[in-house]
Amino acid sequence: MHAASKALAAALALARDARVGAGVPDVVLTELSNAIEAGDEFTRRLHTEPTRVATEIALLFFTEHSRCALQWVEMSYQIIKMDSARDQIIWRYRHHCREVIVGAKILAGKQASASYPTRRLALLEFDAMILGCELALVLRNRPPDEGALAGRPGRAIRERAHRLVSRVNALADVDDPSRVFGWSMVAAARALSVCGDETGAAQARALAWRDAYRDHHLLMNLLMTELDPTLPTPRLLKSVRRLDTILLTQPDPMYSPVRAGYVARVRDHYTGVIAALAERPDELSRQGAAQCVRATTCWWTQRQQHPLQDTVCHTFVSGTDVVALIEHRGQVEVVTAPLPRASTRQLLEIGLKPPTDEVLIFRPLREALSASLAPILDALEAHDRVRINSLGFTGWIPWETLKYRGGTLIGARGIARFHPHHRAIEQREPDPTGPPRVERVCIIDDRAVELPAAVSKVFRALPVSLVEFDSESDSAALTIEQIRKVARPGTALVLFCHTRSDVFDYARAGIKASASSALGLGELSRLDLTATPWAVVACESGRANTFTPATSVAHALAYAGVATVAGTLWEIAAKTVGPQFLKQLLKALNTDSDDLARAVTTCVSADPTRMMPFSLISS
C-alpha cells in the first residue's frame with residue numbers, strides 16, 4: 001500500500017506540473033485517470049482481501065488517491081466548452097471522482113479510530129475535496145469565474161462551504177503539519193466566491209496559514225478567488241499585484257512546465273480583471289489595467305516591465321469584444337470594438353488548424369475584421385508611431401494586414417506589432433526604436449528545403465555567410481553552438497528551415513535540427529543575441545501555443561535579445577510564397593538594411609492578403 005501511495009503521489013505531482021500549455025490536456029488527464037483507476041483497483045483489493053495495514057499508511061493511500069481525483073476535476077475546467085459530447089464525458093467522470101473521495105473518507109473513518117490524533121484533521125481534508133467536486137458537478141460545463149452561481153444549487157454549495165469553515169474553526173487547537181487548514185479555507189473561499197458571498201474572513205484565515213507555511217501554490221489558489229471583477233479598484237489591484245509577485249519571483253526557469261501551468265491557470269481570470277478595470281471611467285482603474293497588461297508580458301521573463309517612450313497599444317479579446325488600451329505620454333485611452341462570433345470562430349479555427357489557401361480564406365476575413373475593428377484602427381491612426389502588444393487572443397488577429405483609409409495598418413504611420421517578452425528593451429534605452437547596425441547577414445539553410453538560387457542573389461548588398469545543415473539526416477545536424485558562433489555583433493540571421501509548433505504542447509516547438517532532434521524553445525531563449533539586429537524565420541515560427549503566450553520560435557529568439565523578429569503564423573510554401581516574401585524583403589532591406597520593421601511593412605503593403613502569414617513579433 002505504501003508503494004501504491006508513492007505511485008499516486010508521483011502521478012499527482014506530474015499532473016500539477018504538466019498543466020495545459022506544457023502538455024496536451026487530454027493526454028495529461030488520461031494519465032491521471034489511469035493512476036486513479038489503479039488506485040480504485042487497490043481499494044477493491046482492500047475490501048476483498050482483508051489485511052492488517054498500519055493506520056498511517058492507510059490514511060496516506062486514501063488521501064493521495066483522493067487528491068488525484070480532485071486534481072483531475074480541477075484540470076477538467078481547462079478543456080470544457082470545446083465539445084458538448086466531451087463535456088458530458090467530463091461531467092460523468094467528475095461523478096466518479098466524487099465517489100472516489102466519498103469512499104476514501106468512509107474507509108479512512110473506519111481505519112482511524114476516534115482516538116487517533118489526526119483523524120479529525122484527515123476527515124476535514126476529505127470534506128474540502130468533496131466540496132471541490134460538488135462545485136464542479138453543479139457548474140457542469142462552465143468555469144468557476146463565469147458569473148455567480150444562483151438558485152438552489154448555489155444555496156447548497158454555500159451551506160457546505162459555511163459548514164467547512166465552522167469545522168476549521170472548531171479544530172483551531174489541533175496541530176496542522178499537512179497544511180489542511182489553509183487548503184480547506186481556500187476551498188471554502190472559492191465556493192463562497194462562486195456563490196457571490198463575501199469571502200474576506202475565509203481568505204484572511206487562509207492568508208495567515210499561508211504566511212506560516214510560505215506556500216506560493218496555496219497563495220495562488222487563494223488569490224484566484226479574489227479576482228472578482230466587481231470588487232473596488234484598490235482591492236482588486238492589491239490582489240492582482242500579489243499574484244504578479246508570485247509569477248515574477250517563483251524560481252522555475254523560462255519555458256518550464258511549472259511556469260506554463262501557472263500562466264495558463266491565471267490568464268483567463270486575469271484578462272477578465274483587465275477588461276473590468278478598463279471599463280471603469282476613473283483614471284486609477286485605467287492606469288491599473290495598463291499596469292496589469294505590462295505585468296503579463298513579464299510572466300515569462302520574470303523582469304519588471306516599465307512604460308516605454310513610444311505609444312503602446314495593448315489589445316486583447318474579452319468575451320465578444322476587442323479591447324485596446326493605448327498608453328501615450330502617461331495617459332491611457334480605452335477603445336472597444338465588437339468582434340462578430342463568426343470572426344472569433346474563424347480565428348480560433350485558424351489558430352488550431354493552419355490554412356492551405358491564404359488568398360481565398362483571408363481576403364473576406366481581412367475585410368470583415370477591418371470593418372469590425374474600425375474604431376481601434378481610427379484611434380491608432382491618430383498617432384505617428386504605435387507599438388501593438390497583442391495579448392490573450394482567442395485566436396490571432398493579423399494586425400499588419402488590416403485596412404484603414406485604403407492602406408494597411410502599418411503601411412504609412414510606422415505602426416508595428418510588438419511583443420515585449422525580451423530583455424533587449426532595457427538595453428536599447430533611451431532610444432528603443434533604433435536597432436543595432438547590420439554589418440553582415442548569415443543564412444542558416446536547411447538543405448532539405450532547397451534554398452532557391454534566385455533568393456540568394458538578393459544578398460549582394462551585404463557580406464553574406466552561409467551555414468548549411470540537413471534536417472533529414474543525423475550526420476549534419478544544426479547545433480546551438482553553430483548559431484552562437486555565427487551570431488556575432490551586427491550579424492542579421494535568416495533561418496530558411498523547418499520549424500515546429502504545437503498549439504497544445506509548446507515543449508514540442510522548436511527548429512527541426514536533424515532527422516531525430518530539434519532545438520527547443522528553452523535552448524533558443526538562453527542564447528545571448530542582444531547584438532543581433534534582426535532575424536527572419538521560416539514556417540510556423542510565430543505560431544504560439546493556444547493556452548500560453550510567447551511560446552513560439554520567434555518569441556524565444558526575441559527573448560534571447562534579437563531586436564526585431566519576423567516570423568510566420570503557419571506553414572508556407574517553400575517554393576512560392578516563402579521565396580516571394582524573402583526576395584521582396586531583402587530588396588527592401590537594400591535601401592536600409594537595419595530596418596526590418598519597415599521592410600516587412602513594404603512587403604505586406606504590396607499584397608496584404610498573400611502576406612498575411614508574416615508577422616513582426618518584436619520591433
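Computed from heavy atoms alone, side chains included, the values below leave out hydrogens, waters and symmetry copies. Being a predicted model, the structure only gives us computed values, none of them experimental.
- Ser552 is linked by a side-chain hydrogen bond (donor to acceptor under 3.5 Å, both in side chains) to His555, counting only residues two or more places apart in sequence or in another chain.
- In terms of the side-chain hydrogen bond (donor to acceptor under 3.5 Å, both in side chains) criterion, residue partners of Ser471 (sequence neighbours excluded) are, by chain and number, Asp446.
- Taking the side chain as every heavy atom from C-beta outward, Cys497 and Phe469 approach each other to under 4.5 Å.
- With sequence neighbours left out, Glu468 forms a salt bridge (Lys or Arg N to Asp or Glu O under 4.0 Å) with no residue at all.
- Between Val536 and Phe614, every side-chain heavy-atom pair lies at or beyond the 4.5 Å cut-off.
- For Asp474 (side chain) and Ser516 (main-chain N/O), a donor-acceptor pair under 3.5 Å exists by modelled atom type.
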Output, in order, the C-alpha distance, side-chain angles, deciding distance and verdict of side chain to side chain contact (heavy atoms under 4.5 Å, CB included) for Val553 and Leu495.
CA-CA 11 Å; Val553 170; Leu495 289 93; over 6 Å; no
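- Inter-residue side-chain proximity for Val317 and Thr271 is flagged as unmet; no heavy-atom pair is nearer than 4.5 Å.
- Considering only heavy atoms from C-beta on, Cys442 comes within 4.5 Å of Val467 through its side chain.
- Sorted by first and then second residue, the pairs that involve residues 479-498 and meet salt bridge (charged side-chain N to carboxylate O under 4.0 Å, His left out), not counting sequence neighbours, are Glu481-Arg484.
- With sequence neighbours left out, Arg280 forms a side-chain hydrogen bond (donor to acceptor under 3.5 Å, both in side chains) with Thr233.
- Contact of the Ile444 side chain with the Ile511 side chain is not registered, since no non-hydrogen atoms from C-beta on lie closer than 4.5 Å.
- Scanning for side-chain contact (heavy atoms from CB on, under 4.5 Å) contacts around Glu472 gives Ala448, Asp470, Lys512, with sequence neighbours left out.
- Residues Gln331 and Arg286 fail the side-chain proximity criterion, which asks for heavy atoms closer than 4.5 Å.
- By the salt bridge (Lys or Arg N to Asp or Glu O under 4.0 Å) test, Arg241 pairs with no residue at all, sequence neighbours left out.
- Residues Cys313 and Ile326 approach most closely at SG-CG1, 3.9 Å, considering heavy atoms.
- Residues that satisfy the side-chain hydrogen bond (donor to acceptor under 3.5 Å, both in side chains) test with Ser517, not counting sequence neighbours, are Ser514.
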Below 3.5 Å, can you tabulate the donor-acceptor pairs from side chains in residues 333-342 to any protein atom, sequence neighbours excluded?
none

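- For residues 582-612, no residue pair satisfies the ring pair (Phe, Tyr, Trp, His ring centres under 6.0 Å) rule, not counting sequence neighbours.
- In this structure, the side-chain contact (heavy atoms from CB on, under 4.5 Å) partners of Ala492, at least two apart in sequence or on a different chain, are Val438, Val441, Trp534.
- Nearest heavy-atom pair across Thr532 and Thr491 is CG2-O, 3.4 Å.
- Leu524 is listed as a side-chain neighbour of Ile480, based on a closest heavy-atom distance under 4.5 Å.
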